[in-house]
Amino acid sequence: QGVTMATMAPSYLRLFQRAETSSFFGREIGIMYMHAHLRYAQMLAHLGRAEDFMAALDLAHPVALTDANFQRYTEGSDLPVLVDFWAEWCGPCRMMAPQFEAAQAQLTPNVRLVKLDTEASSDLAAKWGIRSIPTLILFANGRELTRTSGAMDARSIVSWVGQSLH
């Protein structure tokens, strides 16, 4: 899959529109994060990491984490990272999935939302002490800030993240 201006343009536009209307941390900070995020995406494209580049631009859906990329996303981000630990068989997890995406629309570009399938990455789930799902863990500067378990609606997720970061 080639990364071209045609495939990049819609993502850039969505990113700019979200930053312009962001009220989570304020418009100016949202625009500043947007520019930093675009520079990061351009660097990934320059390094030939097209998959990571497109994931960095596609802010409409949380990135699916794996054992291979978990550390890169949680420790290598300048932004706070909210991880949803979930499983396909979990009814509350499936009910919360659209709420998590709706929260992403409100938190982007100030917080990066990602998901980790605990069945596919059971070692990571054990490492982070996941005993019930869904569990949300908020990371900042590569460290766990806080966590909560149980399904939440979008408004509650956004409120919890805001309180945790302030």
Side-chain angles (χ1 to χ4, degrees), residues 10-26 29-38 40-41 44 49 51-88 90 92-121 124-125 127-128 130 132-166:
S11 296
Y12 274 106
L13 180 59
R14 282 194 310 273
L15 182 60
F16 181 74
Q17 288 169 336
R18 286 204 182 103
E20 272 287 301
T21 60
S22 174
S23 61
F24 188 72
F25 287 113
I29 292 175
I31 291 172
M32 186 173 65
Y33 274 119
M34 182 218 38
H35 287 291
H37 197 77
L38 289 176
Y40 172 68
L44 292 174
R49 292 172 47 192
E51 177 182 312
D52 290 338
F53 172 75
M54 293 308 288
L57 287 178
D58 182 14
L59 302 177
H61 304 287
V63 172
L65 296 186
T66 64
D67 293 334
N69 67 5
F70 183 87
Q71 187 173 0
R72 183 172 69 228
Y73 273 90
T74 57
E75 294 178 14
S77 176
D78 292 337
L79 296 175
V81 178
L82 180 60
V83 181
D84 175 13
F85 290 83
W86 71 287
E88 183 66 36
C90 169
C93 298
R94 288 195 316 271
M95 288 174 36
M96 191 174 86
Q99 298 300 313
F100 194 70
E101 285 195 20
Q104 179 167 351
Q106 295 175 53
L107 293 169
T108 298
N110 304 304
V111 179
R112 184 70 171 136
L113 277 70
V114 296
K115 295 176 76 73
L116 181 80
D117 182 345
T118 58
E119 292 295 306
S121 299
L124 275 174
K127 175 184 175 182
W128 289 99
I130 304 303
S132 64
I133 52 176
T135 291
L136 300 177
I137 298 182
L138 182 62
F139 291 87
N141 301 316
R143 297 177 189 218
E144 179 180 340
L145 281 182
T146 187
R147 69 171 63 198
T148 188
S149 294
M152 300 168 74
D153 63 18
R155 185 171 8 117
S156 298
I157 294 169
V158 171
S159 175
W160 177 74
V161 168
Q163 291 171 0
S164 300
L165 292 175
H166 290 109

D117 side, atom CG; F85 side, atom CZ - distance, nearest 0.5 Å: 11.5 Å
Closest heavy-atom pair and its distance - S164, L145: O-CD1, 4.4 Å
Side-chain heavy-atom pair I130, R147 within 4.5 angstrom cut-off: yes
Closest non-hydrogen atom pair, A151 against P92: CB-O, 3.9 Å
T148 side, atom OG1; L138 side, atom CG - distance, nearest 0.5 Å: 11.0 Å
Name of the residue among V63, L82, L107, V83 meeting side chain to side chain contact (heavy atoms under 4.5 Å, CB included) with R112: V63
Parallel, tilted or perpendicular: rings of F139 and W128 (30°, 60°): perpendicular
Shortest non-hydrogen separation from L116 to T66 and the atoms involved: CD1-N, 4.1 Å
Side-chain (D153) to main-chain (S156) donor-acceptor, under 3.5 angstrom: yes
Residues, nucleotides or ligands: over 12 heavy atoms within 6.0 Å of N141 CG: no
Exceeds 12 heavy-atom contacts within 6.0 angstrom, atom CD of Q71: no
Side chain proximity check, V161 to L136, heavy atoms < 4.5 angstrom: no
Interatomic distance, L113 atom CG to F100 atom CZ [nearest 0.5 angstrom]: 4.0 Å
Reported CD-to-CG distance for the pair Q104 and D84, which is rounded to 0.5 angstrom: 11.0 Å
Smallest separation among heavy atoms of A154 and A102, with atom names: CB-CB, 3.7 Å
Side-chain donor or acceptor of S77 paired with backbone N/O of T74 under 3.5 Å: no
Within-4.5 Å side-chain heavy-atom neighbours: Q99 and R155: no
Side-chain touch L124/L65, heavy atoms, less than 4.5 angstrom: no
Gap between atom OG of S121 and atom NZ of K115 - 0.5 Å precision: 13.0 Å
Separation between CD1 of I133 and CE of M96, rounded to the nearest 0.5 Å: 10.0 Å
